[in-house]
Amino acid sequence: MGILAFLILGLIAGAIAKAVLPGRQGGGWVITLVVGVVGAILGGWIGSLIFGGGLADFFDLRTWLLSILGAVIVLLIYGAIAGRRTRA
(Lines give C-alpha, C1' and ligand atoms only; values in the text may rest on other atoms or scores of the structure.)
Protein backbone atom coordinates (compact mmCIF):
# COMPACT_ATOMS: atom_id res chain seq x y z
CA MET A 1 0.00 0.00 0.00
CA GLY A 2 1.41 3.40 -0.94
CA ILE A 3 1.87 6.45 1.25
CA LEU A 4 -1.12 8.30 -0.23
CA ALA A 5 -3.39 5.29 0.23
CA PHE A 6 -2.15 4.92 3.81
CA LEU A 7 -2.93 8.60 4.53
CA ILE A 8 -6.41 8.29 3.04
CA LEU A 9 -6.98 5.10 5.03
CA GLY A 10 -5.84 6.90 8.19
CA LEU A 11 -8.08 9.91 7.60
CA ILE A 12 -11.15 7.77 6.98
CA ALA A 13 -10.36 5.39 9.87
CA GLY A 14 -9.86 8.36 12.21
CA ALA A 15 -13.14 9.92 11.12
CA ILE A 16 -14.99 6.63 11.65
CA ALA A 17 -13.38 6.22 15.07
CA LYS A 18 -14.49 9.73 16.04
CA ALA A 19 -18.01 8.94 14.87
CA VAL A 20 -18.13 5.63 16.75
CA LEU A 21 -16.95 6.95 20.12
CA PRO A 22 -19.50 8.84 22.18
CA GLY A 23 -18.80 12.37 23.34
CA ARG A 24 -16.98 15.24 21.75
CA GLN A 25 -13.39 14.71 20.71
CA GLY A 26 -11.25 17.76 20.12
CA GLY A 27 -9.08 18.44 17.12
CA GLY A 28 -9.75 19.12 13.49
CA TRP A 29 -8.97 17.10 10.42
CA VAL A 30 -5.21 17.17 11.08
CA ILE A 31 -5.67 15.48 14.47
CA THR A 32 -8.10 13.05 12.83
CA LEU A 33 -5.46 12.22 10.20
CA VAL A 34 -2.73 11.73 12.81
CA VAL A 35 -5.00 9.61 15.03
CA GLY A 36 -6.05 7.52 12.03
CA VAL A 37 -2.52 6.95 10.72
CA VAL A 38 -1.15 6.08 14.17
CA GLY A 39 -4.21 3.90 14.70
CA ALA A 40 -3.64 2.14 11.39
CA ILE A 41 -0.04 1.44 12.39
CA LEU A 42 -1.20 0.16 15.78
CA GLY A 43 -3.96 -1.90 14.19
CA GLY A 44 -1.52 -3.42 11.71
CA TRP A 45 0.83 -4.31 14.56
CA ILE A 46 -1.99 -5.86 16.60
CA GLY A 47 -3.17 -7.75 13.51
CA SER A 48 0.30 -9.12 12.84
CA LEU A 49 0.54 -10.34 16.44
CA ILE A 50 -2.92 -11.93 16.62
CA PHE A 51 -3.64 -13.05 13.05
CA GLY A 52 -0.14 -13.33 11.61
CA GLY A 53 -0.86 -10.66 9.01
CA GLY A 54 -1.12 -6.91 9.27
CA LEU A 55 -2.44 -4.41 6.77
CA ALA A 56 -2.68 -6.00 3.35
CA ASP A 57 -4.50 -4.17 0.57
CA PHE A 58 -6.43 -0.92 0.62
CA PHE A 59 -9.74 -2.62 -0.20
CA ASP A 60 -9.28 -5.55 2.20
CA LEU A 61 -11.91 -5.66 4.97
CA ARG A 62 -9.35 -6.81 7.54
CA THR A 63 -7.22 -3.73 6.78
CA TRP A 64 -10.15 -1.41 7.45
CA LEU A 65 -11.29 -3.17 10.61
CA LEU A 66 -7.78 -3.23 12.08
CA SER A 67 -7.23 0.42 11.18
CA ILE A 68 -10.51 1.52 12.76
CA LEU A 69 -9.82 -0.57 15.88
CA GLY A 70 -6.37 0.96 16.21
CA ALA A 71 -7.77 4.47 15.67
CA VAL A 72 -10.38 3.92 18.40
CA ILE A 73 -7.63 2.82 20.80
CA VAL A 74 -5.44 5.81 19.93
CA LEU A 75 -8.42 8.18 20.20
CA LEU A 76 -9.25 6.84 23.67
CA ILE A 77 -5.63 7.37 24.76
CA TYR A 78 -5.58 10.84 23.18
CA GLY A 79 -8.85 11.76 24.91
CA ALA A 80 -7.51 10.60 28.27
CA ILE A 81 -4.33 12.64 27.88
CA ALA A 82 -6.00 15.75 26.43
CA GLY A 83 -8.84 15.59 28.96
CA ARG A 84 -6.44 15.37 31.86
CA ARG A 85 -4.40 18.30 30.55
CA THR A 86 -7.39 20.64 30.14
CA ARG A 87 -8.73 19.93 33.64
CA ALA A 88 -5.45 20.83 35.34
Side-chain angles (χ1 to χ4, degrees):
M1 184 167 27
I3 296 291
L4 184 60
F6 199 71
L7 290 175
I8 292 171
L9 173 70
L11 182 63
I12 295 171
I16 292 172
K18 278 189 169 187
V20 167
L21 287 178
R24 186 174 188 277
Q25 294 84 23
W29 68 272
V30 174
I31 297 296
T32 303
L33 176 66
V34 171
V35 164
V37 169
V38 172
I41 292 169
L42 179 67
W45 181 69
I46 291 171
S48 66
L49 289 176
I50 295 174
F51 304 118
L55 305 179
D57 293 327
F58 185 77
F59 293 107
D60 188 18
L61 181 63
R62 182 178 61 183
T63 298
W64 284 93
L65 293 177
L66 288 172
S67 297
I68 293 168
L69 174 70
V72 166
I73 293 170
V74 171
L75 192 59
L76 287 171
I77 293 169
Y78 172 74
I81 292 171
R84 186 178 323 138
R85 186 177 51 210
T86 56
R87 285 184 232 146

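Positions are given from 1, in the same order as the sequence printed here.
Atoms OG and CD1, from S67 and I46 in turn, are 10.5 Å apart once rounded to the nearest 0.5 Å. Interatomic distance, L9 CG to L4 CG, rounded to the nearest 0.5 Å: 11.0 Å. The structure places CD1 of I16 at 12.5 Å from CG of L69, a figure rounded to the nearest 0.5 Å. Rounded to the nearest 0.5 Å, atoms CG (L42) and CD1 (I73) are 5.0 Å apart. Rounding to the nearest 0.5 Å gives a distance of 9.5 Å between OG1 of T63 and CZ of F6. Of the inter-residue distances, the one linking I50 atom CD1 with L66 atom CG reads 8.0 Å to the nearest 0.5 angstrom.
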Quiz item: When you look at V34 and Y78, which way does the side-chain contact (heavy atoms from CB on, under 4.5 Å) test go after all the steps?
Solution: CA-CA 11 Å; V34 171; Y78 172 74; over 6 Å; no

Quiz item: Does the side-chain contact (heavy atoms from CB on, under 4.5 Å) test come out yes or no for I68 and I12, once each step is laid out?
Solution: CA-CA 9 Å; I68 293 168; I12 295 171; over 6 Å; no

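The side-chain contact (heavy atoms from CB on, under 4.5 Å) check on L65 picks up L61, with sequence neighbours excluded.
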